[in-house]
Protein chains: 2
Amino acid sequence: MKPSTSTQDYLKTIYELTENGSPASTNDLARELNIKPASVTGMIQKLAGEKPALLEYQKHQGVTLTSAGKKAALEVIRHHRLLETWLVQTLGYSWDEVHEEAERLEHVISEDFERRIAAALGHPLRDPHGELIPTADLKMPLDDSTPLSALRKDQTGKILSIKGADANLLRHLEELGLTPNTPIEVISYSPFDHNLTVKVNKKTHVLGLNITSKIFIEET
Amino acid sequence: MKPSTSTQDYLKTIYELTENGSPASTNDLARELNIKPASVTGMIQKLAGEKPALLEYQKHQGVTLTSAGKKAALEVIRHHRLLETWLVQTLGYSWDEVHEEAERLEHVISEDFERRIAAALGHPLRDPHGELIPTADLKMPLDDSTPLSALRKDQTGKILSIKGADANLLRHLEELGLTPNTPIEVISYSPFDHNLTVKVNKKTHVLGLNITSKIFIEET
DNA sequence: TCTAAAATTTAGTCTTGCCTAAATTATTTT
DNA sequence: AAAATAATTTAGGCAAGACTAAATTTTAGA
Ligand SMILES: [Mn+2]
Ligand SMILES: [Mn+2]
Ligand SMILES: [Mn+2]
Ligand SMILES: [Mn+2]
């Protein structure tokens, strides 16, 4: 049985929240999904009880995905990221506009549609935000990126991706020239506020942790 | 408030069933929507009670669309037909494959998406089946077509559209060369079974009423 | 360690949209 | 004009997925 739109959104969000290795808490899920914590508890109990179970759940300990859950999550994430890529490439959406549209389309496209856009795009590896696209056989490629916030004076790299879908931040970053594939150099680090001064395209900018923690880099 | 997917499907189906001028019956709706008649009654009572009302309803008399209902119906139909056109033109779908995909996508695309594909396609007038696409301001263009079943010996015309989404019929018609824009000539009419013998691309075919009632013609 | 705050779960409701079975109304047939 | 049949509506239920309020458990602070 195909997971409902709600289930798909839960699984996708849990995937993202557990990428760091630790379980996703009820509250974090509630915040990300804009659903009240009490409702989240109900839903995760249900998903953990399906056969096969989609989640591993222990009261008060948060949830992780089972392999069935992970597979379903990667399916949605693949849809989402292919759709974003394709909306940008073929319909001229800008990278700050695509997320909402993909959020709705991801649940209704067929596997045939998925194959057609993947082929039309030449099987892209990353979406417009630089995020890795799960492969057709639902494996997430290895991610060797580092958050910009972890770099220090004189370290250099190339921007790989921007995490999170905040349209305002994306527009701001585009204005500063902080887009995927752009080389970047750290000029200085301020230990008190964690600000980084960086140089991009000959211009320097001072970036707070709110920003540097969302920009991911390939070190060079 | 945006109509739900269910509501949109009801309105679209009612639009199509009332194109002939008479109200849509509960049973016809139930058959088209694959929903039990009892459920249809419940839903049409609800839709007739909304403010503004989407339907005009009198017990046992069937339903018609109010102007609000018609507008919402044309919005969905425009989405559907633009999507079909676009799936065929840009992703290589064949005309017998597009309907299902469009049926799901029609409910979730944004007005922005609608504008973008309409523009990308050059504001097409008809979908891949030759059906008229409602305009951006939600008017249905005048339809001056005649069913092939109404033509008689020696009358000629050009195929404008195929009604209904039966994929098997569409594939059959494509094999016979009975596709939109094809000139067609009636060779003979058999009054007993309503069969028409027609000539298309130098070949003659005998077509039953099941087929001739679904092919629409511009007389020449 | 005891307590206060925060996180989580339970219990009880609500809405949407569907279903079945039974009742009612309309339409045909005889 | 009755009787039989078909169409429609009513009544009662159910499943999904959300919410609020209250109870409980965990975590952190004094
Ligand atoms: Mn996104
Ligand atoms: Mn979503
Ligand atoms: Mn169609
Ligand atoms: Mn539909």
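A, B, ... follow the sequence lines: proteins, then strands. Residue 1 opens every chain.
- The CD1-C1' distance, from B:Ile44 to C:dT16, rounds to 17 Å in whole Å.
- Between the CG atom of A:Leu29 and the P atom of C:dA7 there is a distance of 14 Å, rounded to whole Å.
- Residue order along DNA chain D, read from the 5' end via each residue's closest nucleotide, puts B:Thr26 first among A:His60 and B:Thr26.
- At whole-Å resolution of the value, CD1 in B:Ile35 and C1' in C:dT16 are 12 Å apart.
- Of the candidates D:dT9, D:dG17, C:dT9, the closest approach to any side-chain atom of A:Thr41 belongs to C:dT9.
- Closest to the side chain of A:Ala38, out of C:dG17, D:dG17, C:dT9, is C:dT9.
- The distance between atom CE of A:Met43 and atom C1' of C:dT9, rounded to the nearest whole Å, is 17 Å.
- Remark: P of D:dG17 and CG of A:Asp9 are 11 Å apart, rounded to the nearest angstrom.
- Residue A:Ser4 has a polar side-chain atom (N or O) positioned under 4.0 Å from OP1 or OP2 of D:dG17.
- The 5' end of DNA chain D is approached more closely, in terms of each residue's nearest nucleotide, by B:Asp28 than by the other of B:Asp28 and A:Thr5.
- Taking atom NZ of A:Lys46 as the reference point, atom C1' of D:dC14 lies 13 Å away to the nearest angstrom.
- When all heavy atoms of A:Glu131 and A:Ile162 are compared, the closest pair comes out as OE2-O, 4.0 Å.
- Here B:Lys36 does not reach the OP1 or OP2 of C:dC18: none of its side-chain N or O atoms lies under 4.0 Å away.
- Atom NE2 of A:His107 is separated from atom P of D:dA16 by 18 Å (rounded to the nearest Å).
- In this structure, CG of B:Leu47 is placed 14 Å from C1' of C:dC18, rounded to the nearest angstrom.
- In terms of heavy atoms, A:Ile14 sits closest to A:Ala24 at CG2-CB, 4.5 Å.
- Looking at A:Glu103 and A:Lys12, a side-chain N of the basic residue comes within less than 4.0 Å of a carboxylate O on the acidic one, giving a salt bridge.
- Phosphate proximity of D:dT8 to B:Asn27: present, with a side-chain N or O under 4.0 Å from OP1 or OP2.
- Counting heavy atoms from C-beta on, the side chains of B:Val76 and B:Tyr15 never come closer than 4.5 Å.
- For the OP1/OP2 pair of C:dT16 and a distance below 4.0 Å, the side-chain nitrogens and oxygens of B:Tyr10 include no atom meeting the criterion.
- Looking only at side-chain heavy atoms (C-beta outward), B:Leu138 and B:Glu75 come within less than 4.5 Å of each other.
- Among the protein residues, A:Ser6 comes within range of the sugar-phosphate backbone only, with heavy atoms under 4.0 Å from sugar or phosphate atoms but none that close to a base.
- A close approach under 4.0 Å does not occur between any side-chain nitrogen or oxygen of A:Ser39 and OP1 or OP2 of D:dA18.
- Looking at B:Glu101 and A:Arg116, no side-chain N of the basic residue comes within less than 4.0 Å of a carboxylate O on the acidic one, giving no salt bridge.
- The shortest distance between the side-chain N/O atoms of A:Lys59 and the OP1/OP2 oxygens of C:dT10 is below 4.0 Å.
- Close to D:dT9, at under 4.0 Å from its OP1 or OP2, lies a side-chain N or O of B:Tyr57.
- Contact between the side-chain N/O atoms of A:Gln45 and the OP1/OP2 oxygens of C:dT10 is found at a separation under 4.0 Å.
- Counting only heavy atoms from C-beta on, A:Pro37 has its side chain closest to C:dT9 among D:dA16, C:dC18, C:dT9.
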